[in-house]
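Counting convention: from 1, in listed order, for ligands and their atoms alike.
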Amino acid sequence: MTKDYCTAPVALAADHGGFALKEAIKAHLESQGIAYRDFGTHSTESCDYPDLAAPACDAVVAGECSVAILCCGTGVGMSICANKIHGIRACCCSDTFSAEFTRRHNDANALCMGGRVVGEGLALAIVDLFLNTPFEGGRHTRRVEKVMALETR
Ligand code: RB5
């Protein structure tokens, strides 16, 4: 199966709370030859996570990027923002099981993590599972379609 991230770069974004984790993810993607676009932030200076989440998610919805990986202090603020953007299905993950199954069952296209929650090793394992696990389809297609229909209520 062709992996989406082979055909379009991964969108990366973080606020100051997730900056260090984003930088670690960048190095991890580079080591595997996976292309990415870095939507910032570019330092540990305090900033507002909605300002970083929106452009990265917009790029996914536009098809310019395959999926988004968004980091803040908890991952929660980023996931709240991402899920408000039509076309995004974001999961806030701090375990590998959720990372695998949000791809298999939810066809998630945004992964959110907390730089103050997960260690680097676990975060990179979560990234690998998220990027390498295909959507199962089948009965989950109907459920994902119902999820997306909630955007038009
Ligand atoms: C910033 O201090 C922090 O609130 C932010 O990174 C994030 O955790 C919000 O959900």
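With hydrogens left out, the protein atom closest to atom 4 (O) of ligand 1 is Tyr49 CE2, 4.5 Å, a heavy atom. The nearest protein atom to atom 10 (O) of ligand 1, hydrogens excluded, is given as Gly77 N, 2.9 Å; this is a heavy-atom distance.
Atom numbering of ligand 1 starts at 1 in the shown order; those under 4.0 Å from a heavy atom of Arg116 are 1 (C), 2 (O), 3 (C). When each atom of ligand 1 is checked for a heavy atom of Asp15 under 4.0 Å away, the hits are 1 (C), 5 (C), 6 (O). Using a 4.0 Å cut-off to heavy atoms of Cys72, the atoms of ligand 1 that qualify are 6 (O), 7 (C), 8 (O), 9 (C), 10 (O).
Screening Val10, Ile126, Ile25 for a side chain to side chain contact (heavy atoms under 4.5 Å, CB included) with Leu111, the sole residue that qualifies is Ile126.
Per-atom contact check: atom 8 (O) of ligand 1 touches the protein, criterion being a heavy-atom distance below 4.0 Å.
Looking at Glu145 and Arg142, no side-chain N of the basic residue comes within less than 4.0 Å of a carboxylate O on the acidic one, giving no salt bridge.
Using a 4.0 Å heavy-atom cutoff, His16 is listed among the residues neighbouring ligand 1.
Minimum interatomic distance between Ala56 and Ala11 (heavy atoms only, all atoms of both residues): O-CB, 3.8 Å. Of all the heavy atoms in Thr41 and His16, the pair that sits closest is CG2-N, 3.9 Å. Of all heavy-atom pairs spanning His28 and Val127, the tightest one is CD2-CG1, 4.4 Å.
Annotation: Gly73 places an N or O atom under 3.5 Å from an N or O atom of ligand 1; distance criterion only.
Grouping the Ile, Leu, Val, Met, Phe, Trp and Tyr side chains by contacts below 4.5 angstrom, directly or via other members, places Leu70 apart from Tyr36.
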